Each structure stands twice: as C-alpha cells, then as structure tokens.
Amino acid sequence: MPVTTFSIPEKYEYLIGFDSYHQSEAYPGALPLAQNSPQKPPLGLYAEKLSGTAFTAPRHENKQTWLYRILPSCAHPPFEPVASRNEAVETQHEKKHYIPNQLRWDPFDHDEHAEHDFVDGLKLVAGAGDPTLKQGMGIYVYACGRDMSQREAYYSADGDLLVVPQEGGLDVRTEFGKMVVRPMEICVIPRGVKYRVDIIGEEKKARGYALELYQGHFQLPELGPIGSNGLANARDFQVPKADFEEDYGATAQSGENEWRIKVKFNNGLYETVQRHSPFDVVAWHGNYYPFKYDLGRFNTIGTISYDHPDPSIFTVLTAPSEKVGTAVADFVIFPPRWLVGEDTFRPPWYHRNTMSEFMGLIQGGYDAKKGGKGGFVPGGASLHNVMSGHGPDRDSYEGAREAELKPQKVGEGSCAFMFESCLMVGVTEWGLKRCRKVQEGYNKHSWEGVEVHWKRRNKH
C-alpha cells in the first residue's frame, strides 16, 4: 500500500497539488472576486501580497500569494537583536571546517530536559554559501522538548526550510493554516512565512533533520523519458487550508495581548512584539505556500535488467542552480524497493562525487551500511564531501558480492535520505566537535578491512 500508516493521527484537512494555484478561505466571502486589492477588501480585511520571487520572474518560476488578514504584517515596533544566548544562532557564526574526511555521526541527543523549542533546537551541522547573496544552503539537526510559546511566531528571511522529522510529530501552525508533520513525512516552509511548532504526543520529544535553502525554491525533478508520472507525484502534496485567530486589541507597549515575533535575518535572530496574532489570515490565493508530503507515496523506480542506476532516480525534490541539471540541493530518499538486477552488485556502488552527500536515517536500516553500535542508525548522519570516496562497508560488500541474485525486497520498514549539493560544504565547530557525536573509527570500521579479490589470469 503506497501510503504510510502513521501512529500519530491526522488532525487537519488539506488542499491537494504541488505548485498549483490554490485559494482558500476560512470565512465565507473573505476572498475578493476577480481582483486582488479592491479599495475596500471584503469583511474589512487588509490585502497583503507575499512575493517569493521577483515580480518579473518568468511566469513558470513566479511565486506569490495574496493574503487577506485582519491586520497587516508591518503593524509592529522595530525589531531588536535577541540578547539572550542562543546556541541555534551561535552555530550559524562558527568557523566552518572544510575537510575531505568522510564523517559519520552517532544519533544526535534528544532534548531530555525540555530546554528547547523547535527553533531553539535547530543546530547547524554543515553548510555553504551566504544568505545575503541568496546563494547556498545550511544543513541542520533539531531536538526539542517543549512547544513554542502560544504567543510566539518565527520566520526566516534567509530561505525555505525543508523539515525531515525522525522521531516525534510536529503540529505546525502557519499563516496559511495548520499541518501535522510526522516521521515519514516532510514539510517545506517558504522564506518569510511565519509559523509556530508544537510537539505532538505525551512524551513531548521530537528530533529530526532540516535543510535551509538560501537560493531559489524546491521543485519536482524533471522526469525525461520516465514519462508523465513517477517519483513524487504532484497530486500527493498537501497544502494547509486557511485557518485564522481573532486575537488583537491592546497595544504591545501596555504589556497586554503581546505576540512575540522572531526572525532569522542573515543568520542572526531578531524579535519584536505586536498587538495582534500573526495567524490572522482569513483567506488567501496564490502559489507560494507551505506544504507537506508522505514519503510512503513515492513511486520508486529502478532497473529491471542490470546495474544499479544513479541515485538521482530517487529524487523527491530538487532546487536547481544556474547550471542545468546541477542542484544547490536535492532531497533524495532510499525507501523500501525491489531489487531484481541480473549479474549485478545491487547496493549502491563505490563512488567519488563532485557533489556533497549528507545522509540521515529516519527509521530501520540501510542496505549499504550496517547498523549497531558505531554504525549508521536512525537519528545519526554521515557526510561525504566533494570527491571523498565512499561506498558499502566491508561486510555489506562481501554479503552483496556472494548473494543469491533472486528478486529481493530491501529496506522494509526503513527509509534513509540524502541532502545532495553541488557545493563543497563546511562543518561547523558544533557539528565537528561540540556535539561529541562524530564516530572516530568510521573509516577504519568501514573500509580498512576491504579484501583484495584481484587475481592475475594465467597467460596461455
């Protein structure tokens, strides 16, 4: 069945379709008819345009949405830098180590003492580029043990955020509406969209991965000769329906009815207070919005003759660079799939890549790497930077080399993923040292013991 069975039930209804032009209203008659900014919008609302691209971007790339809200977003005092220590921000400004070594991390710690909400729990592990130039991306892990304040919202001016939960569900409240995002689902929150995150479940514990895209937006990969369907199908993406709060009144200066708004701006954190809820959008229409996707719906494609295809065949979303066919960031998954290749080494082959490959494991195991202590396990990660050799560990290679080549389903109950980028990524001080999760013996345990199978043939 190509739909994930979730232990956390769904709470909301959604619009359907990737990169579609949607409209939604939470109160009848809130959307104006046939125009965007009438002299007096319906129901006394304010019309506000949210642009995700330049006005003059080509029509097929243009991203924008009209919001109809109780009060405009600009109605707040000036932002001020957040004065308190925040490790999530500090990792942004740490020196990055650009090294050729293969790296692997043990599972990152949970927030056992409930010290962090989702935003505070984000830690930059690696990245490249500059958000002021709208170039590059940042790779994060997150661990949180408490909800964000009910009178708090956050947005990033630096980029779109792709969230990959590994453990614990998230209840994401955005300006556009609400989403439940669970392990084996992903969501994307576009640049500039305000949101708040609660943790679903009694344990109040969530962990996962994220990628912030400074450059462009995610899109579905081209299918080429695959045809018109396959991989992630547009109809399986879900978009929140309009849902608003009526929470406004006293001025922020009075100390009553305050909402705290935080913004990530050039990797710094700023905040202000305002007298109304940022979640006051009664209706909206456009093609720039948050969305989520169930990874269980991915239509996996592979060989039915011989040889393992390039892993690009598993791409869910891509963010292209200026060079055709080359991505600032690809989001790739390795879900359960059938292997039937004849006379074929079926796991991913040994590889040196002009792209950087950051992998994580949502659940289960990965057929090219053994689990267990010191292995590649859920909640952990690996990084193989530009041209750093990598591939199956010794045991995985020997097992696949001698395996009986009958049809085999691999990855049952498992899902690994990869953030792949054309950029050479640097690892933060936190990612390399302070997190204390780097496996010192990764190379030794994986590849130092690979056997020599080469044999010289006798000359006749």
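Quick caveat, the model's predicted, so the values are computed rather than measured.
Side chains of Y366 and P392 form no contact here, defined as non-hydrogen atoms less than 4.5 Å apart. Here the side chains of N267 and L124 are not in contact, with every heavy-atom distance at 4.5 Å or above. No side-chain heavy atom of L15 sits less than 4.5 Å from a side-chain heavy atom of F291. Looking at heavy atoms from C-beta onward, F265 lies out of side-chain contact with Y155 at the 4.5 angstrom threshold. A heavy-atom distance below 4.5 Å is found between the side chains of V332 and T315. Contact of the L213 side chain with the V188 side chain is not registered, since no non-hydrogen atoms from C-beta on lie closer than 4.5 Å. Proximity of S446 to R104: side-chain heavy atoms (C-beta onward) are separated by under 4.5 Å at one or more points. Two residues are said to be in side-chain contact when any heavy atoms from C-beta on lie closer than 4.5 Å; T4 and R297 fail this criterion.
For the residue pair H217 and P320, the shortest heavy atom distance occurs at O-CD, 4.2 Å. For the pair H76 and T272, the tightest heavy-atom approach, listed with the atom from each and the gap, is ND1-CG2, 3.8 Å. Nearest heavy-atom pair, P278 versus A153, reported as atom, atom and distance to 0.1 Å: CG-CB, 3.6 Å. Of all heavy-atom pairs between Y442 and H384, the closest is OH-NE2, 2.7 Å. The two residues V163 and F118 come nearest to each other via the heavy atoms CG2-CZ, 4.1 Å. Across all non-hydrogen atoms, the minimal contact from P335 to T300 is CG-OG1, 3.3 Å.
Two rings, from F79 and Y270, have their centers 6.0 Å or more apart. In summary, the aromatic rings of Y142 and Y209 are positioned with their centroids too far apart to meet the 6.0 Å limit. Checked against a 6.0 Å centroid threshold, the rings of F331 and F218 do not count as neighbours.
For the residue pair Q439 and D106, a side-chain donor N or O sits within less than 3.5 Å of a side-chain acceptor on the partner. In summary, the side chains of S312 and D310 do not present any donor paired with an acceptor at a separation below 3.5 Å, with no hydrogens or angles considered. Side-chain atoms of H110 and E203 include no donor-acceptor pair closer than 3.5 Å. For D171 and Y12, the side-chain atoms include at least one donor-acceptor pair closer than 3.5 Å. Residues E212 and Y140 have side chains that bring a donor and an acceptor to within less than 3.5 angstrom of each other. A side-chain donor-acceptor contact under 3.5 Å links T318 and D330. Side-chain atoms of E342 and S305 form no donor-acceptor pair, as typed in the model, at a separation below 3.5 Å.
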Self-check item: Worked verdict on L50 versus V193 for side chain to side chain contact (heavy atoms under 4.5 Å, CB included)
Solution: CA-CA 9 Å; L50 178 63; V193 173; 4.0 Å; yes

Quiz item: Given the rule in the side chain to side chain contact (heavy atoms under 4.5 Å, CB included) test, do K49 and Q64 qualify, once you have shown the distances and angles that lead to the verdict?
Solution: CA-CA 7 Å; K49 187 172 186 176; Q64 51 92 30; 3.4 Å; yes

Quiz item: Do D393 and S396 pass the side chain to side chain donor-acceptor pair (under 3.5 Å) test, and can you show the C-alpha distance, the side-chain angles, and the key distance before you say yes or no?
Solution: CA-CA 5 Å; D393 57 34; S396 298; 2.8 Å; yes

Quiz item: Yes or no on side chain to side chain contact (heavy atoms under 4.5 Å, CB included) for L223 and L231, after CA distance, side-chain angles and deciding distance?
Solution: CA-CA 8 Å; L223 294 179; L231 309 186; 3.7 Å; yes

Practice problem: Determine, stepwise, if the pair E185 / R182 fulfils salt bridge (charged side-chain N to carboxylate O under 4.0 Å, His left out). | Solution: CA-CA 5 Å; E185 288 183 310; R182 302 158 287 192; 3.0 Å; yes

Exercise. Output, in order, the C-alpha distance, side-chain angles, deciding distance and verdict of side chain to side chain donor-acceptor pair (under 3.5 Å) for Q102 and N443.
Key: CA-CA 7 Å; Q102 304 95 333; N443 294 64; 2.6 Å; yes

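When the salt bridge (charged side-chain N to carboxylate O under 4.0 Å, His left out) test is applied to E61, no partner is found at least two apart in sequence or on another chain. With sequence neighbours excluded, the residues satisfying ring-ring contact (aromatic ring centres under 6.0 Å, His included) with Y397 are F345, Y350. By the salt bridge (charged side-chain N to carboxylate O under 4.0 Å, His left out) test, D158 pairs with K264, sequence neighbours left out. A search for salt bridge (charged side-chain N to carboxylate O under 4.0 Å, His left out) contacts involving D109 returns K437, not counting sequence neighbours. Taking F314 as the reference, F334 meet the ring-ring contact (aromatic ring centres under 6.0 Å, His included) condition, with sequence neighbours excluded.
Within 6.0 Å of the CZ atom in R260, the count of heavy atoms belonging to other residues, nucleotides or ligands does not exceed 12.
Judged by distance alone, the side chain of S382 and the main-chain N or O of L103 form no donor-acceptor pair under 3.5 Å. In this structure a side-chain-to-backbone donor-acceptor pair under 3.5 Å is missing from H93 to T91. Remark: the backbone N or O of I199 is paired with a side-chain donor or acceptor of K204 at under 3.5 angstrom. Looking at D117, its side chain does come within 3.5 Å of a backbone N or O of D120 through a donor-acceptor pair.
Residues E429 and R434 are not paired through a salt bridge, judged by the lack of any N-O separation under 4.0 Å between the basic side chain and the carboxylate. For R207 and E167, the salt-bridge test passes: some basic side-chain N is under 4.0 Å from an acidic carboxylate O. Between K444 and E448 no salt bridge is recorded (no basic side-chain N to carboxylate O distance below 4.0 Å). Salt bridge status for K292 with E10: present, with a side-chain N to carboxylate O gap under 4.0 Å. Salt bridge absent: D147 and R196 never bring a charged side-chain N and a carboxylate O closer than 4.0 Å.
For the atom pair CG of L405 and CG of L339, the computed distance is 10.0 Å after rounding to the nearest 0.5 Å. Taking CG from L161 and CD1 from I189, the interatomic distance works out to 6.0 Å, rounded to the nearest 0.5 Å. In this structure, CG in D343 is found 11.0 Å from OH in Y306, a value given to the nearest 0.5 Å. Interatomic distance, Q274 CD to E271 CD, rounded to the nearest 0.5 Å: 12.5 Å. Separation of atoms CD1 (I186) and CG (L317) is listed at 5.0 Å; rounding is to 0.5 Å. Summarising the geometry, atom OG belonging to S156 is positioned 7.0 Å from atom OH belonging to Y195; distances are rounded to the nearest 0.5 Å.
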Return all side-chain donor-acceptor pairs below 3.5 angstrom for residues 410-427, not counting sequence neighbours, or 'none' if the list is empty.
residue	atom	partner	partner atom	Å
E412	OE1	K409	NZ	3.4
S414	OG	Q363	O	3.2
S414	OG	G365	N	3.3
S414	OG	G365	O	2.2
E420	OE2	N353	ND2	3.0
S421	OG	V328	O	2.6
S421	OG	L423	N	3.0

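Checking each of T65, T174, D160 against P190 for a side chain to side chain contact (heavy atoms under 4.5 Å, CB included) leaves exactly one that passes, namely D160.
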